[in-house]
Amino acid sequence: MSEPLLSVEGLVVDYQLPRGQLRRALDDVSFNVLAGQTVGLVGESGSGKSTIARAIVGLAPITAGTVTLGGGAAAAPRQSVQMVFQDPYSSLDPTKTIGYSVAEPLRVHHGRELGAQEVRARTEQMLESVGIQASAAKLYPAQFSGGQRQRIAIARALIVKPKLVICDEALSALDLSVQAQIINLLVQLRETHGISYLFISHDLSVVEMLCDEVVVLYRGRIAETGPARAVSNRPRHPYTRGLVAAVPEIDPVARAASRATRERLRKPVAPAPPLEDSCQYRHRCVFATEQCEQSRPALRLTDGPTLVACHRYEEVARDLDEKAESEIPAMTPQS
Ligand SMILES: Nc1ncnc2c1ncn2[C@@H]1O[C@H](COP(=O)(O)OP(=O)(O)O)[C@@H](O)[C@H]1O
Ligand code: SF4
Ligand SMILES: [Mg+2]
């Protein structure tokens with residue numbers, strides 16, 4: 001087995017709050033990204049997804065644990081890991097032409113070796129490979145649609161030939177049809193450029209489409225992780241079940257069933273205060289018992305290919321199987 005491109009081991013991140021207290025944003029998070037793999041990070045807002053991205057690029061205060069780049073990425077880490085954000089304006093300066101912004105990382109990393117002619121040629125080639133005409137290089141970000149701007153931000157990330165591209169909610173501001181186009185583009189670029197993605201999203205349905213593996217985060221801890229399809233087809237952690245039920249259904253009958261499931265799974269109470277020796281999800285969990293208050297569930301292997309941090313995952317899975325049968329609307333026999 002080749003060494004992972006990215007290895008995150010026991011990562012703990014504490015942010016310093018203004019009055020000197022610490023806020024633990026990540027608590028013992030471990031996962032790998034192998035070469036060519038796409039790993040999804042899902043969880044609601046505030047679960048620590050962007051903190052993981054920041055820790056990987058050296059911008060988060062790491063209390064404990066390690067982030068290791070391997071598989072050829074270690075030689076030039078600043079170039080090997082590139083980011084694409086939700087808001088393309090965070091990487092595209094509105095006062096600069098898009099050609100200038102796309103070429104900027106090339107100038108930063110290879111300024112001395114490359115002549116202006118070469119930079120221009122590579123920029124135009126990169127723009128075309130994300131579906132933007134080379135002649136558009138002289139235009140400004142405001143002259144493009146949101147989807148086009150995201151293509152340009154992707155071109156800017158890819159121009160220095162990174163090994164790993166972190167997409168932090170890169171599709172979240174786009175319409176569904178545009179999201180689908182960008183997903184296709186990411187898949188195509190993965191093949192042509194041999195890159196890996198760490199794909200961050202609060203939307204499990206998007207992650208399921210694009211990712212090989214998924215890491216579900218809840219308040220800084222991993223709730224469940226494993227092959228993306230296994231996690232979304234048979235979620236074992238109550239939180240993941242809630243996420244799966246939140247995926248909008250097209251079919252109105254299925255939509256009503258999933259709303260019922262969601263309501264059953266989510267108790268409308270304030271989140272519990274973080275306690276080291278408890279399950280973070282206990283105040284929202286319909287399966288919670290005293291044990292969940294008194295001991296922190298370790299991430300452990302299930303009977304399937306996934307890892308789950310829940311004391312009661314067996315009962316949760318059994319409940320899911322029973323409910324799945326009763327919630328499927330009976331077919332009306334044709335007369
Ligand atoms: N610079 C910071 N200072 C203090 N707390 C922060 C800072 N950045 C993030 N946090 C807190 O850390 C937690 C995780 O945040 P974040 O990683 O941005 O989550 P996500 O990307 O999943 O929405 C949240 O509780 C957030 O309020
Ligand atoms: S450990 Fe307990 S509170 Fe936490 S998810 Fe499992 S059943 Fe719910
Ligand atoms: Mg975020």
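We count ligands from 1, going down the list as the structure has it; atoms in each ligand are counted the same way. Just so it is clear, the model here is predicted, and its values are computed rather than measured.
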If the threshold is 4.0 Å, N to carboxylate O, is there a salt bridge linking Glu104 and Arg156?
yes
Quick one: look up the protein heavy atom nearest atom 4 (C) of ligand 1 and list residue, atom name and how far away it is.
Tyr15 CB, 3.3 Å
Flag Gly46 as yes when one of its N or O atoms lies below 3.5 Å from any N or O atom of ligand 1, and as no otherwise.
yes
Are any of the side-chain nitrogens in Asp27 or Arg296 under 4.0 Å away from the carboxylate oxygens of its partner?
yes
Tell me yes or no: between the side chains of Glu118 and His110, is some donor less than 3.5 Å from an acceptor?
no
Which atoms of ligand 1 sit under 4.0 Å from any heavy atom of Leu17?
4 (C)
Short side-chain donor-acceptor distance under 3.5 Å, Asp203 and Ser205
yes
Between Glu224 and Thr240, is any side-chain donor less than 3.5 angstrom from a side-chain acceptor?
yes
Show the atoms of ligand 1 that are less than 4.0 angstrom away from any heavy atom in Ala25.
12 (O), 13 (C)
Testing the 3.5 Å rule here: is there a donor-acceptor pair between the side chains of His202 and Ser45?
no
Going by the angle between their ring planes, with limits at 30° and 60°, are Tyr218 and Tyr239 parallel, tilted or perpendicular?
tilted
Is there a donor-acceptor pair under 3.5 Å between the side chain of Lys49 and the backbone N or O of Gly43?
yes
Cation over ring, Arg300 on Tyr313, under 6.0 Å and within 45°?
no
Given 3.5 Å as the limit, does a donor-acceptor pair link the side chain of Ser7 with the main chain of Val67, or not?
no
Tell me the contacting part of His202 for ligand 1: side chain, backbone, both, or neither, using a 4.0 Å heavy-atom threshold, strictly below.
neither
Would you call Arg219 a ligand 1 contact, heavy-atom distance under 4.0 Å?
no
For Ser50, is at least one N or O under 3.5 Å away from an N or O on ligand 1?
yes
Could you tell me which atoms of ligand 2, counted from 1 in the order shown, lie closer than 4.0 angstrom to a heavy atom of His237?
5 (S)
With a cut-off of 2.8 Å, does Thr51 put an N/O/S atom close enough to the Mg ion (ligand 3)?
no
Of the backbone atoms (N, CA, C, O) and the side-chain heavy atoms from C-beta on, which set of Arg23 has a member under 4.0 Å from an atom of ligand 1: side chain, backbone, both, or neither?
side chain
Do Asp175 and Ser177 meet the criterion of a side-chain donor-acceptor pair at a distance under 3.5 Å?
no
Any non-hydrogen atom of Arg54 lying under 4.0 Å from ligand 1?
yes
Residue Thr51 vicinity, atoms of ligand 1 by number, heavy atom under 4.0 Å
14 (C), 15 (O), 16 (P), 17 (O)
Considering the heavy atoms of Glu44, write down every atom of ligand 1 situated less than 4.0 Å from one of them.
22 (O)
What's the shortest distance from atom 19 (O) of ligand 1 to any protein heavy atom, and which residue and atom give it?
Gly48 N, 3.1 Å
Report, in ascending order of atom number, the atoms of ligand 1 lying under 4.0 Å from any heavy atom of Ser45.
23 (O)
Have a look around atom 2 (Fe) of ligand 2 and list protein N/O/S atoms under 2.8 Å, or say none.
Cys292 SG
